[in-house]
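Quick note: numbers below take in every heavy atom, side chains included, and nothing from hydrogens, waters or symmetry partners.
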Amino acid sequence: MGKVVLVTGVARQLGGRFVRRIQREPDVDRVIGVDAVPPEHHLGGADFLRADIRHPTIGRVLAEHSVDTVVHMDVNGTPLGKRGSRASVKETNVIGTMQLLGACQKTPSVKRLVIKSSTNVYGSAPRDPAVFTESTPPKSLPSGGFAKDVVEVEGYVRGFARRRPDVAVCVLRFANVLGPCADSPLAEYFSLPVLPTVLGFDPRLQFVHEDDAIEVLRIAAGEPARSTLNSGTFNIAGDGVLLLSQAARRLGRPTLPFFLPTVTWVGSALRSVGALDFSPEQVRLLTHGRVVETAQMRETLGFRPRYSTPEAFADFARSRGPGLLPPETLARTVDRIAALMPAGSGQN
């Protein structure tokens, strides 16, 4: 790993945890955490600089401290702690990334760049392939929201890589990150007492545990181990998949199926009152699902998650407490209802 590491987005839990983790690396001399707001958690022995990456001042930070490794984690789907708006988040994601990449391009000391991206780049559509690989183009490009931000961010990163071929660039496309400290929109959705779902659909979902997310970021930010390569684009997810119905049963939370237009309306209502960031892209995910191939993560990057998708979800479920119904009772009830349904009426 580089001797001087700069990490963006450290006011969020995941960014703070990563900063604390990389300080234990023997060849790291200094870690600099950057965010527009001070973090509420401690950053260990790291230096915190309050700076907005949307502004050119980030260039001075890189140059003055001779930063050689940049880990860009300030790419997110929701405002921090319910502050700000969707517009400000998009500015940070897109304009902030442009400013950061421009600063990295002008700073000769920068030799490694890690981008926290998302499998949202593939979108969620009815004609999607069963499994996305890193080279599979989406059937339809995301038209808005966080997914579109990620598409734009990765486009700028590819341009940067062409202009600075001497910089090792690693893009990590994370599946939904879950764990005891998860604060994502999907974690909020699974914390509802009753889960609204789309009638007739039972999507396949993948998760990555927050501990695995920290570890793969560490691998990407360091020198590659023997027989591995940590430059390129990699899907990051735990083994296996979970159906939405299985996730609901394991939480002990009943589902409430709606027709798709109604779910979209419910999502808009929840967003308008600030109860839940139930965005259109999340509705699409909970309708069509998304599964990615992770062979490159194992064979090229050399990372093997400790937690499978079901195990990551189980750890998250334990941190949220019991639902309205005991999982065993809910599972038996759903199975009995399914047995009474006429043949051919199963979910899509």
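- We find the CG-CZ distance between Leu178 and Arg320 to be 8.0 Å, quoted to the nearest 0.5 Å.
- Here the side chains of Leu186 and Leu286 are in contact, with some heavy-atom distance below 4.5 Å.
- The hydrophobic clustering, which links ILVMFWY residues whose side-chain heavy atoms are closer than 4.5 Å, places Val291 and Leu242 apart.
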Phe234 and Val216: CA distance, side-chain angles, deciding distance, side-chain contact (heavy atoms from CB on, under 4.5 Å) verdict: CA-CA 10 Å; Phe234 302 95; Val216 74; over 6 Å; no

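- A donor-acceptor pair under 3.5 Å is absent between the side-chain atoms of Arg164 and the main chain of Leu101, judged by distance alone.
- Two different hydrophobic clusters hold Tyr307 and Met297 under the rule that ILVMFWY side chains link at heavy-atom gaps under 4.5 Å.
- Val241 and Phe132 sit in two unconnected hydrophobic clusters of ILVMFWY residues. Membership requires side-chain heavy atoms under 4.5 Å apart, directly or through other members.
- Placement of Val283 and Leu256 within a single hydrophobic cluster is found when ILVMFWY residues are connected by side-chain heavy-atom separations under 4.5 Å, directly or transitively.
- Residues Ile214 and Leu14 have side chains in contact (heavy-atom distance under 4.5 Å, counting atoms from C-beta outward).
- Distance check: Leu49 CG to Leu6 CG gives 7.5 Å after rounding to the nearest 0.5 Å.
- In this structure, the separation between OG on Ser88 and CD1 on Ile95 is 12.5 Å, given to the nearest 0.5 Å.
- At least one donor-acceptor pair under 3.5 Å links the side chain of Lys116 to the backbone N or O of Val75.
- Checked against the 6.0 Å centroid criterion, the rings of Phe313 and Phe190 qualify as a close aromatic pair.
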Go through the steps for Glu25 and Val5 under the test side-chain contact (heavy atoms from CB on, under 4.5 Å), then give the verdict. CA-CA 11 Å; Glu25 293 298 297; Val5 183; over 6 Å; no

Decide side-chain contact (heavy atoms from CB on, under 4.5 Å) for Thr136 and Glu293; before the verdict, give the C-alpha distance in whole Å, the side-chain angles of both, and the deciding distance to 0.1 Å. CA-CA 10 Å; Thr136 307; Glu293 173 63 61; over 6 Å; no

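- Using a 4.5 Å cut-off on side-chain heavy atoms (C-beta onward), Pro203 and Leu285 make no contact.
- The two residues Phe48 and Pro38 come nearest to each other via the heavy atoms CZ-CA, 3.6 Å.
- The CD atom of Glu91 sits 11.0 Å away from atom CG of Asp149, with the distance rounded to the nearest 0.5 Å.
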Evaluation steps, side-chain contact (heavy atoms from CB on, under 4.5 Å), between Ser109 and Leu62: CA-CA 8 Å; Ser109 62; Leu62 293 174; over 6 Å; no

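- Side-chain contact between Thr233 and Arg173 is present, with at least one heavy-atom pair separated by less than 4.5 Å.
- Taking 4.0 Å as the cut-off between side-chain N and carboxylate O, Asp166 and Lys111 count as a salt-bridged pair.
- Screening Thr228, Leu229, Asn230 against Thr300 for a side-chain contact (heavy atoms from CB on, under 4.5 Å) leaves a single residue, Leu229.
- For the pair Thr294 (side chain) and Ile236 (backbone), a donor-acceptor distance under 3.5 Å is absent.
- Separation of atoms OG (Ser118) and CG (Leu172) is listed at 11.5 Å; rounding is to 0.5 Å.
- With salt bridges taken as basic N to acidic carboxylate O contacts below 4.0 Å, none links Arg12 and Asp183.
- Using a cutoff of 4.0 Å between basic side-chain nitrogens and carboxylate oxygens, Glu281 and Arg290 are not scored as salt-bridged.
- The side-chain contact (heavy atoms from CB on, under 4.5 Å) test with Val7 singles out one residue from Asp35, Ile22, Ile32, Val114, and that residue is Ile22.
- In this structure, Ile58 is a member of the same hydrophobic cluster as Val157, with clusters built from ILVMFWY side-chain heavy atoms closer than 4.5 Å.
- Looking only at atom types and distance, the side chain of His209 has a donor-acceptor partner in the side chain of Asp315 under 3.5 Å away.
- We find that Arg306 and Asp212 are not joined by a salt bridge, their nearest charged nitrogen and carboxylate oxygen being 4.0 Å or further apart.
- Taking the side chain as every heavy atom from C-beta outward, Val292 and Tyr122 approach each other to under 4.5 Å.
- Between Ala51 and Val34 the shortest heavy-atom distance is O-CG1, 3.6 Å.
- Under a 3.5 Å cut-off, the side chain of Tyr189 and the backbone N or O of Pro196 do form a donor-acceptor pair.
- A distance of 9.0 Å separates CG in Leu205 from OG1 in Thr309, rounded to the nearest 0.5 Å.
- Of the possible polar contacts, one joining the Glu210 side chain to the Cys181 backbone as a donor-acceptor pair under 3.5 Å is found.
- Remark: side-chain polar atoms of Arg112 are not paired, donor with acceptor, to backbone N or O of Ser231 under 3.5 angstrom.
- Listed here is the closest heavy atom pair of Gly240 and Gln206: O-CG, 3.7 Å.
- Between Thr97 and the choices Arg54, His72, Glu152, the side-chain hydrogen bond (donor to acceptor under 3.5 Å, both in side chains) rule is met once, by His72.
- Taking each heavy atom of Ser66 and Val4 in turn, the nearest pair found is O-CB, 3.9 Å.
- In this structure, Leu100 and Asp74 have side chains that are not in contact, with every pair of non-hydrogen atoms separated by 4.5 Å or more.
- Side-chain contact between Gln105 and Val167: absent, with no pair of heavy atoms (C-beta onward) separated by less than 4.5 Å.
- For the pair Gln13 (side chain) and His41 (backbone), a donor-acceptor distance under 3.5 Å is absent.
- A donor-acceptor pair is defined here as one N or O able to donate and one able to accept, closer than 3.5 Å; such a pair exists between the side chain of Asn93 and the backbone of Asn76.
- The shortest distance between side-chain heavy atoms of Pro305 and Glu311 does not fall below 4.5 Å.
- Between Gly179 and Phe316 the shortest heavy-atom distance is O-CD1, 3.6 Å.
- Put simply, the side chain of Asp68 gets close to the backbone of Lys3: a donor and an acceptor are under 3.5 Å apart.
- The shortest non-hydrogen separation linking Pro257 to Thr255 is CD-O, 3.7 Å.
- Salt bridge present: Arg218 and Glu215 bring a charged side-chain N and a carboxylate O closer than 4.0 Å.
- Listed for the Asp202 side chain is no donor-acceptor partner under 3.5 Å among the backbone atoms of Leu243.
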